[in-house]
*Asks:* 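Take this structure, written in structure tokens, and hold onto it; I'll ask about it next.
Within every chain, numbering begins at 1; the chains are lettered A, B, ... in the order of the sequence lines, protein sequences first and strands thereafter.
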Protein chains: 2
Amino acid sequence: MKKTVFVFSALIIALLILFQLSKYSYISGDLSIEVGIAVVAVVFFIIGIYINKRTLNRERQVSNPIDPEKIEKLGISKREYEVLLCISKGLSNKEIAEQLFVSESTIKTHVSNLLVKLNAKRRTQAIQNAKNLKILAV
Amino acid sequence: MKKTVFVFSALIIALLILFQLSKYSYISGDLSIEVGIAVVAVVFFIIGIYINKRTLNRERQVSNPIDPEKIEKLGISKREYEVLLCISKGLSNKEIAEQLFVSESTIKTHVSNLLVKLNAKRRTQAIQNAKNLKILAV
DNA sequence: AGCTTTTTGGTACTTTAGTATGAGCGCCTT
DNA sequence: AAGGCGCTCATACTAAAGTACCAAAAAGCT
């Protein structure tokens with residue numbers, strides 16, 4: 001927010017400077033009005049692109065956030081979420097066990113708990129539900 | 001492409017008109033230079049936003065297309081692709097069979113073929129690979 | 001320290017997934 | 001008409017996945 005205020009202040013100052021420049025150039029006659037207008041046009045063209053890009057990027061981030069609060073609300077623990085990430089990568093229980101340095105039994109327990117918490121019957125469904133709940137990147 | 005050319009032509013014409021307007025207003029004195037510049041600024045600001053939005057939208061579409069050619073290239077048949085879609089929805093073989101009005105054996109055959117074609121060991125991995133190959137919406 | 005939650009692990013079992021193989025049927029192409 | 005391809009289905013099997021229940025460390029909290 002502070003940044004936005006700063007940028008807009010700079011913009012207004014720049015505009016005023018341009019106004020003054022155009023006046024001086026008109027009086028002194030060493031710069032044509034067309035050049036001044038062209039400068040203004042280019043500057044604001046770039047500003048338009050810049051601001052729009054920032055806005056759209058923000059929208060894009062907002063449209064696909066992973067929501068830590070929702071994870072907590074579902075009672076999914078840290079370790080369980082790690083397992084969920086591995087499942088979404090397409091790993092088997094054994095592979096997950098190797099990657100997290102625990103036994104396959106442990107992973108099975110985690111997965112079983114995850115399925116209950118995500119209200120799913122299978123791991124593939126768990127992935128889908130998790131994405132709908134915004135706790136996994138789509 | 002035609003559209004782009006048309007838009008840019010219109011822009012150049014508009015700019016020329018603005019130039020002439022500013023000259024006339026300067027001569028006749030009934031419009032200040034500042035107003036002219038302000039108009040140019042606003043117009044190009046809007047143009048900047050418009051063009052940028054179009055470009056970003058195009059990028060967004062390009063960044064996530066499902067590529068029918070790639071499906072064909074992998075030798076995935078129409079029916080197999082239907083099964084793949086069901087898998088990505090998190091359905092079990094039995095549920096897919098019911099939805100497509102065939103036996104579970106048939107689905108198993110399709111899935112087995114899909115795993116080979118997608119170079120996957122499990123259905124969850126098949127989903128991931130398919131997304132990486134741009135044949136499933138991310 | 002005492003209590004709770006998390007993480008870990010096991011056994012025993014059921015269900016689902018996946019493989020291998022064979023086979024019949026319809027459609028299209030040569 | 002014959003061969004190729006896609007779709008269908010079955011059997012028999014192996015391998016994963018998932019359930020139920022229990023239990024003991026480990027970590028966090030008050």
*Asks:* Tabulated below should be each protein N or O lying under 3.5 Å from an N or O of nucleotides 17-21 of chain C; please produce it.
*Replies:*
| unit_1 | atom_1 | unit_2 | atom_2 | d |
| --- | --- | --- | --- | --- |
| C:dA17 | OP2 | B:Asn93 | N | 3.1 |
| C:dG18 | OP1 | B:Arg123 | N | 2.8 |
| C:dG18 | OP2 | B:Arg123 | NE | 2.9 |
| C:dG18 | OP2 | B:Arg123 | NH2 | 3.4 |
| C:dG18 | N7 | B:Lys108 | NZ | 3.3 |
| C:dG18 | O6 | B:Lys108 | NZ | 2.7 |
| C:dT19 | OP2 | B:Ser112 | OG | 2.5 |

*Asks:* Short question: side chain of A:Lys70, backbone of A:Ile135 - any donor-acceptor pair under 3.5 Å?
*Replies:* no
*Asks:* CD of B:Glu98 versus P of C:dT16: gap in Å, rounded?
*Replies:* 11 Å
*Asks:* Decide yes or no for B:Gln99 and B:Cys86: does some side-chain heavy atom of the first lie under 4.5 Å from some side-chain heavy atom of the second?
*Replies:* yes
*Asks:* In whole Å, what is the span from the CD atom of A:Glu82 to the P atom of C:dT6?
*Replies:* 14 Å
*Asks:* Within the structure, does a side-chain N or O atom of B:Ser77 lie under 4.0 Å from either OP1 or OP2 of D:dC7?
*Replies:* yes
*Asks:* Taking only the side-chain nitrogens and oxygens of A:Thr106, find out if one of them lies under 4.0 Å from OP1 or OP2 of C:dT7.
*Replies:* no
*Asks:* Hydrogens and angles aside, do A:Asn113 and A:Arg79 bring a side-chain donor and acceptor to less than 3.5 Å of each other?
*Replies:* no
*Asks:* Give the rounded distance in Å between these two atoms: CG of B:Leu100 and C1' of D:dC9.
*Replies:* 15 Å
*Asks:* Atom NZ of A:Lys117 and atom P of D:dT19: how far apart are they, to the nearest Å?
*Replies:* 14 Å
*Asks:* Does B:Ser103 make a side-chain N or O approach to OP1 or OP2 of D:dT8 shorter than 4.0 Å?
*Replies:* no
*Asks:* CD of A:Gln125 versus P of C:dT16: gap in Å, rounded?
*Replies:* 13 Å
*Asks:* Rounded to the nearest Å, what distance is computed from the CD1 atom of residue A:Ile107 to the C1' atom of nucleotide C:dT6?
*Replies:* 14 Å
*Asks:* Take the C1' atoms of the five end pairs on each side of the helix from C:dA1-D:dT30 to C:dT30-D:dA1, derive the two axes, and give their angle rounded to 10 degrees.
*Replies:* 50°
*Asks:* Ignoring backbone atoms, test whether A:His110 places a side-chain nitrogen or oxygen under 4.0 Å from the OP1 or OP2 oxygen of C:dT8.
*Replies:* yes
*Asks:* Starting from the C-alpha separation in whole Å, work towards a yes-or-no answer on salt bridge (Lys or Arg N to Asp or Glu O under 4.0 Å) for A:Glu95 and B:Arg122.
*Replies:* CA-CA 12 Å; A:Glu95 286 169 341; B:Arg122 285 164 293 284; 2.8 Å; yes
*Asks:* Figure out the NZ/P separation between A:Lys78 and C:dT7, and round it to whole Å.
*Replies:* 8 Å
*Asks:* Walk me through it: do B:Glu72 and B:Lys78 pass the test salt bridge (Lys or Arg N to Asp or Glu O under 4.0 Å)?
*Replies:* CA-CA 9 Å; B:Glu72 205 180 346; B:Lys78 195 173 156 187; over 6 Å; no
*Asks:* Are B:Ile87 and B:Leu118 grouped together when hydrophobic residues (ILVMFWY) are joined by side-chain heavy atoms under 4.5 angstrom apart?
*Replies:* yes
*Asks:* If every non-hydrogen atom of A:Asn93 is compared with every non-hydrogen atom of A:Ile107, which pair is closest and at what distance?
*Replies:* OD1-CG2, 3.8 Å
*Asks:* Quick one, B:Thr106 with B:Thr109, criterion side-chain hydrogen bond (donor to acceptor under 3.5 Å, both in side chains). Give me CA distance, side-chain angles, the key distance, then yes/no.
*Replies:* CA-CA 5 Å; B:Thr106 307; B:Thr109 307; 6.0 Å; no
*Asks:* In whole angstroms, how far is the P atom of C:dT7 from the CZ atom of A:Phe101?
*Replies:* 17 Å
*Asks:* Could you measure the distance from the CD atom of B:Glu98 to the OG atom of B:Ser92? Nearest 0.5 Å is fine.
*Replies:* 7.5 Å
